[in-house]
Amino acid sequence: MIQVKLPDGTVKEYSENSTAIDVAQSIGERLANAVVAAEVDGTVCDAFRPMKEISGSSELSLRLLTDRDAEALGVMRHSCAHIMARAVMRLWPGIQLAFGPTLPHGFYYDFGLEHTISEDDFPKIEEEMKKIIKEEEPFERFSLDRSEAVSFVNEMDQHSKAEHIETGLADHGQLSFYRQGEFVDLCRGPHIPNAGKVKAFKLLSIAGSYWKGDTGSKPLQRLYGTAFFSKKDLKKYLEQIEEAKRRDHRVLGKKLGLFQINPEVGQGLCLWLPKGATIRAVLEDFIKVELTRLGYQPVYSPHIGRVELYETSGHFPYYRDSQFAPLFSHDAGQLVDFWVRKLEEESLSAEDEEIFFKSSRVMNCDFEFPPGASREEKIEILKAWEHKNERYLLKPMNCPHHAEMYKAMPRSYRDLPVRLAEFGTVYRHEQTGELNGMLRVRGLTQDDAHIFCTPEQVEEEFRITLDLVKFILAAVGLDNFRVQLSLREPGSDKYVGSEENWERAENSLRKVLSDSGMPFSECEGEAAFYGPKADFMVSDCIGREWQLGTVQLDYNLPERFKLEYTGSDNQPHRPVMIHRAPFGSMERFTGMLIEHFAGAFPLWLAPEQIRVLPVSDKTLDYANEVAAELRKNGFRISVDTRSSKVNAKIRDAQLELIPYMFIVGPKEAEQTAVAVRDRIDGDLGPMPLADAIAKLKQEAEERLVRQVAESSFSGIEGQTEASNEY
RNA sequence: GCUAGCGUAGCUCAAUUGGCAGAGCAUCGGUUUUGUAAACCGAAGGUUGUGGGUUCGAUUCCCACCGCUAGCUCCA
């Protein structure tokens with residue numbers, strides 16, 4: 001017998017092999033039908049599996065999960081992924097199963113298949129899935145030991161699964177499988193009792209992927225879908241996706257004339273149109289005031305720098321693939337650069353080298369190879385030539401420039417921390433497929449700064465910086481964020497700096513984050529190679545997380561640039577560098593904000609804050625007087641001088657999401673008043689112009705955020721990347 | 001870069017099963033002088049992303065390229 005404790009505290013006895021469904025049965029037939037999964041001793045599991053097997057004890061606690069429990073949704077979605085794979089297998093035999101995990105809003109399944117699935121195939125697949133669901137066949141679980149499992153999956157021709165058992169699951173003695181009809185899959189589970197529990201589902205999209213994410217391995221097809229316990233929930237979800245599309249920053253950016261990314265200008269190169277540029281300028285002014293308050297000093301650096309600068313910092317050639325190609329002042333620069341790389345790769349034939357050499361002569365190069373020169377000697381000669389000629393890189397980051405500025409004068413411990421700030425524009429040659437509106441671009445401006453401090457000051461500087469990021473996010477009402485503390489990967493040698501420094505840095509960051517009370521998670525292996533970092537992950541309206549602000553510790557660059565300060569002991573010491581960017585980049589931050597506000601910016605950020613609407617041409621003169629007064633008070637405004645009806649002018653201003661309209665006619669002109677219309681609350685009635693100005697001035701100065709479009713997805717809870725697979 | 005899909009007027013979208021490319025909004029010109037979400041009349045706007053091919057004929061079918069979108073990989 002086993003003792004089962006239920007959530008209400010009652011304890012009941014059941015026979016040895018009882019399942020959660022048996023327990024539900026003993027309570028009532030309807031409950032037994034409603035059970036989707038179970039939670040035994042806090043672990044979500046199959047409702048049809050003997051509870052003792054899960055708990056390992058004869059005394060256990062049980063929670064029955066029905067369609068009202070969030071945990072049940074993830075279980076059902078994973079079962080739906082199996083059903084989808086089964087349907088695809090029926091339609092196109094020979095499918096190679098890979099992985100099929102649950103996602104926050106759905107699921108996917110990766111598989112290899114000769115036939116290329118397109119969206120036209122979705123109805124067919126969905127039809128087959130419906131058939132499977134209608135049959136309500138049960139899911140069954142069984143385990144095999146390692147050797148049995150390998151031969152079992154090989155018998156089924158699922159060789160990827162066999163490989164996974166050998167590699168990824170090397171430490172598992174027993175492997176579990178789930179069978180549903182003719183479909184069997186290596187899977188950790190849990191699953192729903194039978195396919196009939198899936199009440200509403202939809203295939204969403206198809207994409208390419210790779211076995212275990214390795215681009216060098218075999219390509220797979222990834223089929224995305226989602227499932228819910230009711231048709232209503234599914235419909236709601238699909239409507240929310242539509243809503244998310246409507247507030248897409250690319251759509252709004254075009255409609256509101258904020259920015260443009262124009263193929264004629266170049267991929268990923270953002271053109272800030274006047275209205276978008278205004279928002280950016282306001283944000284920059286806002287942050288500049290804070291930086292001055294915190295003792296930062298402004299600096300400027302050019303958009304290009306010598307390649308040698310980045311060789312010193314270590315960014316070249318390490319990040320060569322994601323940088324724009326160097327600019328060479330000598331015609332043969334490109335040739336020699338390529339030549340060196342071919343020699344380094346040892347992939348240059350004698351004939352090709354002869355062509356290179358002839359070409360270099362044509363291009364007036366002055367180097368010679370001594371007879372019988374070795375590969376190394378040739379590289380040395382070519383590199384010496386390169387160093388003699390100018391090579392520039394479009395600035396991929398600002399740090400090396402700031403490091404040089406630190407070195408511009410001798411530093412004493414009394415001067416530290418030195419905080420150098422710059423809105424620095426950098427260029428990165430991101431892969432074409434990575435580009436995404438303003439959120440991922442090739443030319444971006446970081447609200448960058450580097451703090452040079454003593455090791456003892458790190459903690460305090462980190463704390464101040466965290467507060468700054470928090471303050472700035474709060475100012476725009478972005479409060480849906482978490483901090484990710486990125487640490488070393490234990491045992492890896494890809495990091496620079498001493499063990500002691502890393503230990504100290506990681507502990508400092510952890511301590512400050514704990515003290516701050518901010519929610520944070522630790523992530524091993526995500527650190528930069530030069531130090532640990534804290535990244536602000538902010539959620540957008542379609543549940544995507546974007547890394548905005550970042551604070552990073554760096555022990556590497558001070559070393560490479562030989563930065564020093566004189567300590568109180570009159571000895572040279574090495575400072576620590578803190579890289580930080582509260583917005584991340586102006587592009588990404590503004591893009592996020594457009595979606596966050598769904599284009600309806602608060603008064604302090606709105607590109608056009610007030611529009612003056614004369615009722616007719618007869619009050620144009622007064623409208624212009626009002627406009628002059630508003631401009632004098634620093635507002636960004638315009639006057640709608642068209643000869644159309646007030647209704648039309650209001651409609652246009654409303655659609656352009658302008659926070660306030662001042663409507664003026666003969667009545668207002670007589671009393672130096674304005675009829676105020678609020679974008680949110682509508683007509684506020686007439687008030688003296690001076691009062692209206694005072695009211696809006698206050699609202700702008702307080703940076704009041706009155707309206708934040710609700711996040712569409714806030715209502716839907718899902719597991720974050722639950723991996724039901726092994 | 002990879003996989004799949006898409007590309008028609010400034011914008012949103014029609015149409016052509018291969019046979020003169022069409023509407024609304026925006027724009028421009030006129031009429032209208034207007035009170036809290038769309039006044040009326042008219043005009044203009046296109047080598048259907050680019051380049052090839054098949055065809056009597058291609059915007060439609062085929063190929064390549066460019067760009068966009070979703071996802072993968074990447075993000076100092």
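What you see is a predicted model, and the numbers here were worked out from it, not measured in a lab. The chains referred to below are lettered A, B, ... by the order of the sequence lines, with proteins before strands, and numbering in each begins at 1. Hydrogens, waters and symmetry mates are skipped; everything else that's a heavy atom, side chains included, is used.
- As judged by a 4.0 angstrom heavy-atom cut-off over every strand, A:Lys649 is placed among residues making no nucleic acid contact.
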Check the interface with nucleotides 37-47 of chain B: list each N/O to N/O pair with the protein under 3.5 Å, or write none.
{"residue": "B:A37", "atom": "N7", "partner": "A:Arg677", "partner atom": "NH2", "Å": "3.4"}
{"residue": "B:A38", "atom": "N9", "partner": "A:Arg651", "partner atom": "NE", "Å": "3.4"}
{"residue": "B:A38", "atom": "N7", "partner": "A:Arg651", "partner atom": "NE", "Å": "3.4"}
{"residue": "B:A38", "atom": "N7", "partner": "A:Arg651", "partner atom": "NH1", "Å": "2.9"}
{"residue": "B:A38", "atom": "N7", "partner": "A:Arg651", "partner atom": "NH2", "Å": "3.4"}
{"residue": "B:A38", "atom": "N6", "partner": "A:Arg651", "partner atom": "NH2", "Å": "2.6"}
{"residue": "B:A38", "atom": "N1", "partner": "A:Arg651", "partner atom": "NH2", "Å": "2.8"}

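- Looking at residues two or more places apart in sequence or on another chain, you find a side-chain contact (heavy atoms from CB on, under 4.5 Å) between A:Lys649 and A:Leu613, A:Pro614, A:Asp640, A:Arg642, A:Ser644.
- With A:Tyr108 as the aromatic partner, A:Arg222 meets the cation-pi criteria of under 6.0 angstrom to the ring centre and within 45 degrees of the ring axis.
- At the heavy-atom level, A:Pro686 lies nowhere under 4.0 Å from the strands shown.
- For the P atom pair drawn from B:U54 and B:U59, the interatomic distance equals 15 Å after rounding to whole Å.
- For the OP1/OP2 pair of B:U69 and a distance below 4.0 Å, the side-chain nitrogens and oxygens of A:Arg250 include at least one atom meeting the criterion.
- Annotation: salt bridge (charged side-chain N to carboxylate O under 4.0 Å, His left out) contacts involving residues 255-272 of chain A, sequence neighbours excluded, are absent.
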Solution key, residues 658-676 of chain A side-chain donor-acceptor pairs under 3.5 Å, sequence neighbours excluded:
{"residue": "A:Tyr660", "atom": "OH", "partner": "A:Glu699", "partner atom": "OE1", "Å": "2.6"}
{"residue": "A:Tyr660", "atom": "OH", "partner": "A:Arg706", "partner atom": "NH1", "Å": "2.9"}
{"residue": "A:Glu668", "atom": "OE1", "partner": "A:Gly665", "partner atom": "N", "Å": "2.9"}

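- One can place CZ of A:Arg320 at 18 Å from P of B:C75, the figure rounded to the nearest angstrom.
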Are there any protein N/O atoms within less than 3.5 Å of an N/O atom in nucleotides 3-10 of chain B, and if so, which ones and at what distance?
{"residue": "B:U3", "atom": "O2", "partner": "A:Gly208", "partner atom": "N", "Å": "3.4"}

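- Comparing B:U8 with B:U47, their P atoms are spaced 13 Å from each other, to the whole Å.
- Here the separation of B:C28 from B:U36, taken at their P atoms, is 26 Å to the nearest Å.
- The CD-C1' distance, from A:Gln446 to B:A76, rounds to 9 Å in whole Å.
- Scanning atom types as modelled, one donor and one acceptor separated by under 3.5 angstrom connect the side chain of A:Ser322 and the base of B:A76.
- For A:Phe324, the CZ atom counts as densely surrounded, since its 6.0 Å shell holds more than 12 non-hydrogen atoms of other residues, nucleotides or ligands.
- Remark: the separation of the P atoms in B:A15 and B:G49 is 16 Å, to the nearest Å.
- Here B:A70 presents its P atom at 13 Å from CZ of A:Arg440, a figure rounded to the nearest Å.
- Taking 4.5 Å as the limit, some side-chain heavy atom of A:Leu203 sits within range of a side-chain heavy atom of A:Met84.
- Phosphate contact (OP1/OP2 of B:A70, side-chain N/O of A:Asn436, threshold under 4.0 Å): present.
- Within the model, atoms CZ of A:Phe462 and CG of A:Leu509 stand 4.0 Å from one another, a figure rounded to the nearest 0.5 Å.
- Between A:His315 and A:Val615, the one whose closest nucleotide on RNA chain B sits nearer the 5' end is A:Val615.
- Considering only residues two or more places apart in sequence or on other chains, A:Phe601 meets the ring-ring contact (aromatic ring centres under 6.0 Å, His included) condition with A:Phe597.
- Distance check: A:Cys270 SG to A:Leu444 CG gives 10.0 Å after rounding to the nearest 0.5 Å.
- The side chain of A:Ile663 has B:G35 as its nearest neighbour among B:G1, B:G35, B:G71.
- Counting any heavy atom pair closer than 4.0 Å across all strands shown, A:Tyr530 reaches sugar-phosphate atoms only and no base atom.
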Original post:
In dot-bracket notation, what is the pairing pattern of RNA chain B, taking Watson-Crick (N1-N3 plus N6-O4 or O6-N4) and G-U wobble (N1-O2 and O6-N3) contacts under 3.5 Å, with [ ] crossing and | for other strands?
Top reply: (((((((..((((.....[..)))).(((((.......))))).....(((((..]....))))))))))))....
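- Across all non-hydrogen atoms, the minimal contact from A:Ala87 to A:Ile125 is CB-O, 3.9 Å.
- Closest contact between the side chain of A:Arg428 and the listed nucleotides B:A76, B:U36, B:C74 involves B:A76.
- Closest contact between the side chain of A:Lys254 and the listed nucleotides B:U12, B:A76, B:U33 involves B:U12.
- A:Met577 has its CE atom 16 Å from the P atom of B:A76, to the nearest Å.
- For A:Arg580, the salt bridge (charged side-chain N to carboxylate O under 4.0 Å, His left out) test picks out no residue, with sequence neighbours left out.
- Scored by the ring-ring contact (aromatic ring centres under 6.0 Å, His included) test, A:Tyr530 finds A:His579 as partners (sequence neighbours excluded).
- As rounded to the nearest Å, B:A23 and B:G46 have P atoms that lie 15 Å from one another.
- In this structure the side chain of A:Leu630 reaches within 4.5 angstrom of the side chain of A:Ile693, judged on heavy atoms.
- Here A:Gln323 lies in heavy-atom contact (under 4.0 Å) with a base.
- For the C1' atoms, the distance linking B:C56 with B:G71 amounts to 45 Å, nearest Å.
- Mapping A:Arg222 and A:Gly268 onto RNA chain B via the closest heavy atom, the residue that lands nearer the 5' end is A:Gly268.
- Only at 4.0 angstrom or more do the heavy atoms of residues 304-312 of chain A sit from any atom of RNA chain B, so none qualifies.
- Residues passing the ring-ring contact (aromatic ring centres under 6.0 Å, His included) test with A:Phe201, sequence neighbours excluded: none.
- Summarising the geometry, the separation between NZ on A:Lys395 and C1' on B:A76 is reported as 15 Å, rounded to the nearest angstrom.
- Between the C1' atoms of B:A26 and B:A9, the separation comes to 11 Å (whole Å).
- Here the P atom of nucleotide B:G35 and the CD atom of A:Glu670 are 17 Å apart, to the nearest Å.
- Within 4.0 Å of A:Ala675, counting heavy atoms only, lies at least one base atom of the nucleic acid.
- Taking A:Trp272 as the reference, nothing meets the ring-ring contact (aromatic ring centres under 6.0 Å, His included) condition, with sequence neighbours excluded.
- In this structure a side-chain-to-backbone donor-acceptor pair under 3.5 Å is missing from A:Arg306 to A:Tyr392.
- Counting any heavy atom pair closer than 4.0 Å across all strands shown, A:Glu668 reaches a base atom.
- Among B:U33, B:G1, B:C72, the nucleotide with an atom closest to any side-chain atom of A:Lys618 is B:U33.
- B:C25 and B:U33 are spaced 22 Å apart, taking the P atom of each and rounding to whole Å.
- With rounding to whole Å, A:Asp640 atom CG is found 18 Å from B:U33 atom P.
- To the nearest 0.5 Å, the span separating CG on A:Leu223 from CZ on A:Phe122 amounts to 5.0 Å.
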